[in-house]
Amino acid sequence: MILHIEPVEQARPRATRYGRSIRVYDPPKVSKYKKELYQLAKELYHGDRADGAIEVEISFYRPVQKSLSKKERARRLSGEHRPTVKPDLDNYIKSTLDALNGILWTDDARIVDLHAHKYYSDDPHIEITVTEL
């Protein structure tokens with residue numbers, strides 16, 4: 001499944017006092033991403049949710065920085081140079097798996113095997129493959 005949305009990394013949760021208790025929440029950018037990704041996946045996927053052990057492969061395609069030479073830009077788009085800069089791959093994974101709970105699988109705890117990749121692209125998107133084991 002290809003999801004045409006720019007990947008957003010999971011950021012540290014924010015906290016605020018609520019009387020005597022503390023409320024923890026996602027930053028607005030992450031919250032917006034999770035909602036949009038959930039809706040997009042809901043529109044595109046009409047199959048059953050995986051309820052057993054599953055394997056997931058995710059490729060994150062992030063935009064190329066604007067301030068690069070044409071030569072370096074071409075290297076990044078060809079895959080010769082892959083993203084080794086922040087955000088970390090695990091933070092992309094966290095926000096994406098959380099957003100897809102209840103659509104592709106009942107709970108991300110069902111994932112027993114995970115393969116993830118970061119690439120550059122002129123068309124930022126996420127490609128995800130789910131295989132029931």
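- Put simply, the side chain of R14 gets close to the backbone of R12: a donor and an acceptor are under 3.5 Å apart.
- Considering only heavy atoms from C-beta on, H81 comes within 4.5 Å of E72 through its side chain.
- A donor-acceptor pair is defined here as one N or O able to donate and one able to accept, closer than 3.5 Å; such a pair exists between the side chain of S95 and the backbone of V8.
- With contacts defined as side-chain heavy-atom distances shorter than 4.5 Å, the pair I58/E127 does not qualify.
- T129 has its side chain out of reach of V56: every pair of non-hydrogen atoms, C-beta onward, lies at least 4.5 Å apart.
- Of all heavy-atom pairs between K118 and V85, the closest is NZ-O, 2.9 Å.
- Contact check for Y61 versus I126: no side-chain heavy atoms found under the 4.5 Å cut-off.
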Distance-only donor-acceptor hits, side chain of residues 17-28, under 3.5 Å, sequence neighbours excluded:
residue	atom	partner	partner atom	Å
S21	OG	Y18	O	3.0
D26	OD1	Q10	NE2	2.9
D26	OD2	K34	NZ	2.9

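- Exactly one of D113, V130, D108 qualifies for a side chain to side chain contact (heavy atoms under 4.5 Å, CB included) with I54. That residue is V130.
- Using a 4.0 Å cut-off between charged nitrogen and carboxylate oxygen, R76 and E80 do not count as a salt-bridge pair.
- The neighbour count for D48 CG, taken as heavy atoms of other residues, nucleotides or ligands under 6.0 Å away, does not exceed 12.
- Under the 3.5 Å distance criterion, with hydrogens and angles disregarded, a donor-acceptor pair is assigned to the side chains of E57 and H117.
- Residue Y45 holds its OH atom at 6.0 Å from CG of L104, rounded to the nearest 0.5 Å.
- Residues E55 and H115 meet the side-chain proximity criterion, which asks for heavy atoms closer than 4.5 Å.
- Cation-pi geometry between R82 and Y119 is met: under 6.0 angstrom from the ring centre, within 45 degrees of the axis.
- Note: I111 CD1 to W105 CH2 = 4.5 Å, rounded to the nearest 0.5 Å.
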